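Data first, discussion second: the structure below is written as structure tokens.
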Amino acid sequence: QVELVESGGGSVEAGGSFRLSCAASTRTTTLHCMGWLRHAPGKEREGVATFSATGDTTYAASMEGRFTISKDDAKNTLYLEMDSLKPEDTAMYYCATSAPGKYTYCREDYTGDMAYWGKGTAVTISS
């Protein structure tokens with residue numbers, strides 16, 4: 001069982017920034033596909049970014065260049081730096097991971113591979 005706890009959300013005006021954190025209860029070196037996803041009211045859940053054990057990262061097209069995913073294995077923590085925020089970025093942001101030791105990298109359709117999820121942290125961007 002892996003527990004993930006997100007933090008760092010809140011409210012900010014458009015153009016602002018946030019840094020979300022996701023603390024894992026186990027060594028993140030064993031979590032070979034970690035990612036951030038979000039769910040906005042009235043919309044479907046969508047992937048935001050992934051971090052593979054290979055060091056590769058991926059981003060959803062609308063977030064590339066504005067968001068940066070990173071991981072600190074010494075702290076067992078995954079981060080999401082979000083800049084140039086827009087009102088449409090308003091959502092609940094979730095951290096998720098594949099099971100320990102499973103997979104080598106995040107597959108293109110990685111959502112179904114996520115075995116553990118955090119409870120989310122809310123981000124609200126006002127115009």
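These numbers come from a predicted model, not from an experiment.
- Judged by distance alone, the side chains of Asp113 and Tyr103 do bring a donor and an acceptor atom under 3.5 Å apart.
- Two residues are said to be in side-chain contact when any heavy atoms from C-beta on lie closer than 4.5 Å; Leu37 and Thr111 meet this criterion.
- When hydrophobic clusters are built by joining Ile, Leu, Val, Met, Phe, Trp and Tyr residues whose side-chain heavy atoms come closer than 4.5 Å, directly or via intermediates, Met114 is not grouped with Tyr93.
- One distance of note links OG1 of Thr90 with CZ of Arg38; it measures 9.0 Å at 0.5 Å rounding.
- Within the structure, the side chain to side chain donor-acceptor pair (under 3.5 Å) test picks out no pair touching residues 118-127 (sequence neighbours left out).
- No chain of hydrophobic side-chain contacts below 4.5 Å, direct or via other Ile, Leu, Val, Met, Phe, Trp or Tyr residues, connects Tyr116 to Met92.
- With hydrophobic clusters built from ILVMFWY side chains whose heavy atoms lie under 4.5 angstrom apart, Val5 does not share a cluster with Leu78.
- Cluster annotation: Tyr110 is not connected to Met34 through the hydrophobic network of ILVMFWY side chains, with a link wherever side-chain heavy atoms come within less than 4.5 Å.
- At least one side-chain heavy atom of Tyr94 sits less than 4.5 Å from a side-chain heavy atom of Glu6.
- The side-chain heavy atoms of Phe67 and Asp83, taken from C-beta on, include no pair separated by under 4.5 Å.
- In this structure the side chain of Ser7 never reaches within 4.5 angstrom of the side chain of Leu20, judged on heavy atoms.
- Val123 has its side chain out of reach of Asp89: every pair of non-hydrogen atoms, C-beta onward, lies at least 4.5 Å apart.
- In this structure, NZ in Lys71 is found 4.0 Å from OG1 in Thr28, a value given to the nearest 0.5 Å.
- In this structure, Ala14 and Pro87 approach most closely via the heavy-atom pair CB-CD, 4.1 Å.
- Nearest heavy-atom pair across Thr77 and Ala23 is OG1-CA, 4.1 Å.
- A continuous path of Ile, Leu, Val, Met, Phe, Trp and Tyr side chains, each step under 4.5 Å between heavy atoms, connects Ile125 with Met82, placing both in one hydrophobic cluster.
- Atoms CG and CG, on Asn76 and Leu4 in that order, are 11.0 Å from each other to the nearest 0.5 Å.
- Using a 4.5 Å heavy-atom cutoff, the side chains of Glu81 and Phe18 are not in contact.
- Ser84 approaches Arg66 most closely through the heavy-atom pair O-NH1, 3.0 Å.
- Side-chain contact between Thr68 and Leu80: absent, with no pair of heavy atoms (C-beta onward) separated by less than 4.5 Å.
- Between Ala115 and Ala99 the shortest heavy-atom distance is CB-N, 3.8 Å.
- Counting only distance, with no hydrogens or angles, the side chain of Ser52 and the backbone of Tyr105 share no donor-acceptor pair below 3.5 Å.
- Thr50 and Thr58 share a donor-acceptor pair across their side chains, judged by distance under 3.5 Å alone.
- Under the 3.5 Å distance criterion, the side-chain polar atoms of Tyr59 are matched with a main-chain donor or acceptor of Ile69.
- Using a 4.0 Å cut-off between a side-chain N of Lys or Arg and a carboxylate O of Asp or Glu, Asp73 and Arg27 do not qualify as a salt bridge.
- For the pair Trp36/Cys22, a side-chain contact is recorded, criterion being any heavy-atom separation below 4.5 Å from C-beta on.
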